[in-house]
Amino acid sequence: MNDQQRSFFDRLVSIQENYTKEAIEYWSKYSGLDTWQFWVGVLMLVIPLIVLFFTIDRKRIFIIGFFGFAVHMLFSYVDATGIRFGLWAYPYQFLPFLPSFSLDGAIIPVAIMLVFQWTLKHNKNFYLYATILAVIFGFGFKPLLTAIGLFEPYKWINFFYIFLIYWFLYIGGYLLTRLFMKFQEKRTDKPI
């Protein structure tokens, strides 16, 4: 790096460090253990994971788990990007450095994992049921989170765009999982 690039990069690192300090301070003042919003975040993380533990099809656990992980990762990347570009924000957080952890880590992936599991078991059209779930989350759940102050859309973001994001990410996770399933089918040796 040349000196100008180094100076610019060091300034970006400093800005990020200061942002993290400010986010932690905000969290401790307005979003910490003594707020009902924190405990809603805890419940949004824990309850879906408990439901998944008791309902996941143990015979298909790896494929369902892979699908859930794919959806989780896709949502985490998109959510982080939306936050970074100021398209939406979460005023109250479970963890100050992972603003949407309860959503990206539990509710969203668990809900779509259960839909995926159900469509596999009953040989139903995943695209149809993923669309229904995207409608529920985009036009029901996110407006509810907005109404109680747990989600704030900014700029041009509206609930139709939220619905589209959910739909595309559900389908993206599904197509990625199907791709890996095809790779698995082509293997000649036994799976690990």
Side-chain angles (χ1 to χ4, degrees), residues 1-46 48-49 65-113 134 137-138 141-177 179-180 183:
M1 270 187 218
N2 64 37
D3 290 341
Q4 183 179 11
Q5 182 182 2
R6 169 55 68 188
S7 174
F8 193 81
F9 183 75
D10 288 346
R11 188 167 56 97
L12 287 175
V13 170
S14 177
I15 290 168
Q16 289 179 27
E17 182 181 14
N18 288 333
Y19 168 77
T20 301
K21 287 177 185 174
E22 293 284 326
I24 291 170
E25 183 179 347
Y26 173 87
W27 181 86
S28 66
K29 286 183 179 180
Y30 304 108
S31 192
L33 298 171
D34 59 341
T35 65
W36 67 266
Q37 293 93 341
F38 173 84
W39 294 104
V40 168
V42 169
L43 292 175
M44 288 193 310
L45 178 67
V46 172
L49 295 176
F66 179 88
F67 171 72
F69 184 72
V71 168
H72 162 70
M73 292 309 299
L74 292 172
F75 266 96
S76 295
Y77 294 143
V78 169
D79 218 17
T81 302
I83 291 167
R84 193 154 195 160
F85 279 97
L87 299 177
W88 55 77
Y90 300 89
Y92 302 97
Q93 303 147 9
F94 175 61
L95 296 171
F97 42 86
L98 295 171
S100 59
F101 184 63
S102 297
L103 294 173
D104 298 340
I107 289 180
I108 294 166
V110 168
I112 197 63
M113 285 168 74
F137 272 98
F141 187 66
K142 276 294 178 139
L144 172 65
L145 291 180
T146 302
I148 62 174
L150 297 179
F151 176 75
E152 293 289 330
Y154 292 104
K155 299 180 182 177
W156 47 266
I157 291 296
N158 61 39
F159 297 120
F160 178 73
Y161 290 122
I162 299 292
F163 154 75
L164 287 177
I165 290 167
Y166 277 108
W167 189 83
F168 278 111
L169 294 178
Y170 290 159
I171 301 306
Y174 180 74
L175 294 175
L176 185 62
T177 302
L179 176 67
F180 275 82
F183 291 157

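Just so you know, these numbers use all the heavy atoms, side chains as well, and skip hydrogens, waters and symmetry mates. Position 1 is the first residue of the sequence; numbering continues from there.
- In terms of the ring-ring contact (aromatic ring centres under 6.0 Å, His included) criterion, residue partners of Phe180 (sequence neighbours excluded) are, by chain and number, Phe66, Phe183.
- Tyr174 has its side chain out of reach of Ile112: every pair of non-hydrogen atoms, C-beta onward, lies at least 4.5 Å apart.
- Seen from the ring of Phe151, Lys142 counts as a face-on cation partner, given the 6.0 Å and 45° thresholds.
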Requested in this report: Tell me, with the steps shown, if Phe67 and Leu176 meet side chain to side chain contact (heavy atoms under 4.5 Å, CB included).
Outcome: CA-CA 8 Å; Phe67 171 72; Leu176 185 62; over 6 Å; no
Verify side chain to side chain contact (heavy atoms under 4.5 Å, CB included) between Tyr170 and Phe137, making sure each step is shown before the conclusion. CA-CA 12 Å; Tyr170 290 159; Phe137 272 98; 3.3 Å; yes
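- In this structure, the side chain of Ser28 engages the main chain of Glu25 through a donor-acceptor pair within 3.5 Å.
- Scanning all heavy atoms of the two residues, the minimum distance from Gly149 to Pro91 falls at O-CG, 3.5 Å.
- No more than 12 heavy atoms of other residues, nucleotides or ligands lie within 6.0 Å of CG in Asp3, so this atom counts as exposed by the packing criterion.
- Ion pairing between Glu17 and Lys21 holds under the 4.0 Å rule for side-chain N and carboxylate O.
- Separation of atoms CZ (Phe160) and CD1 (Ile165) is listed at 11.0 Å; rounding is to 0.5 Å.
- Environment of OH in Tyr26: crowded, with over 12 heavy atoms of neighbouring residues, nucleotides or ligands closer than 6.0 Å.
- In this structure, Lys29 NZ and Thr35 OG1 are separated by 15.0 Å, a value rounded to the nearest 0.5 Å.
- To the nearest 0.5 Å, the span separating CZ on Phe38 from CG on Leu43 amounts to 10.0 Å.
- In this structure, Asn2 and Arg6 have side chains that are not in contact, with every pair of non-hydrogen atoms separated by 4.5 Å or more.
- Minimum interatomic distance between Gly138 and Pro143 (heavy atoms only, all atoms of both residues): O-CD, 3.5 Å.
- Listed by chain and residue number, nothing satisfies the salt bridge (charged side-chain N to carboxylate O under 4.0 Å, His left out) test with Glu152 (two or more places apart in sequence, or in another chain).
- Minimum heavy-atom separation, Pro48 to Ile107: CG-CG1, 3.6 Å.
- Separating the CD1 atom in Ile24 from the OG atom in Ser31 is a distance of 12.5 Å, to the nearest 0.5 Å.
- Once rounded to the nearest 0.5 Å, the distance linking CZ of Phe85 with CD1 of Ile83 reads 12.5 Å.
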Report all side-chain donor-acceptor pairs from residues 70-77 shorter than 3.5 Å, counting only partners two or more places apart or in another chain.
residue, atom, partner, partner atom, Å
His72, ND1, Asp104, O, 2.6
Ser76, OG, His72, O, 2.8

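- The six-membered or imidazole ring of Tyr154 lies away from that of Trp88, with a centre-to-centre distance of 6.0 Å or more.
- Scanning all heavy atoms of the two residues, the minimum distance from Pro109 to Gly68 falls at CB-O, 3.7 Å.
- Distance check, rounded to the nearest 0.5 Å: CZ of Phe141 to CD1 of Ile162 gives 12.0 Å.
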*Going through the distances and angles, do Met44 and Leu145 end up as a side chain to side chain contact (heavy atoms under 4.5 Å, CB included)?*
CA-CA 11 Å; Met44 288 193 310; Leu145 291 180; 4.3 Å; yes
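- Taking the side chain as every heavy atom from C-beta outward, Phe168 and Val78 never approach each other to under 4.5 Å.
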- Please assess Leu87 against Trp156 for the test side chain to side chain contact (heavy atoms under 4.5 Å, CB included), listing each intermediate value before the final yes or no. CA-CA 8 Å; Leu87 299 177; Trp156 47 266; 3.8 Å; yes
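- Annotation: Gln16, atom CD; neighbour count of heavy atoms from other residues, nucleotides and ligands within 6.0 Å is above 12.
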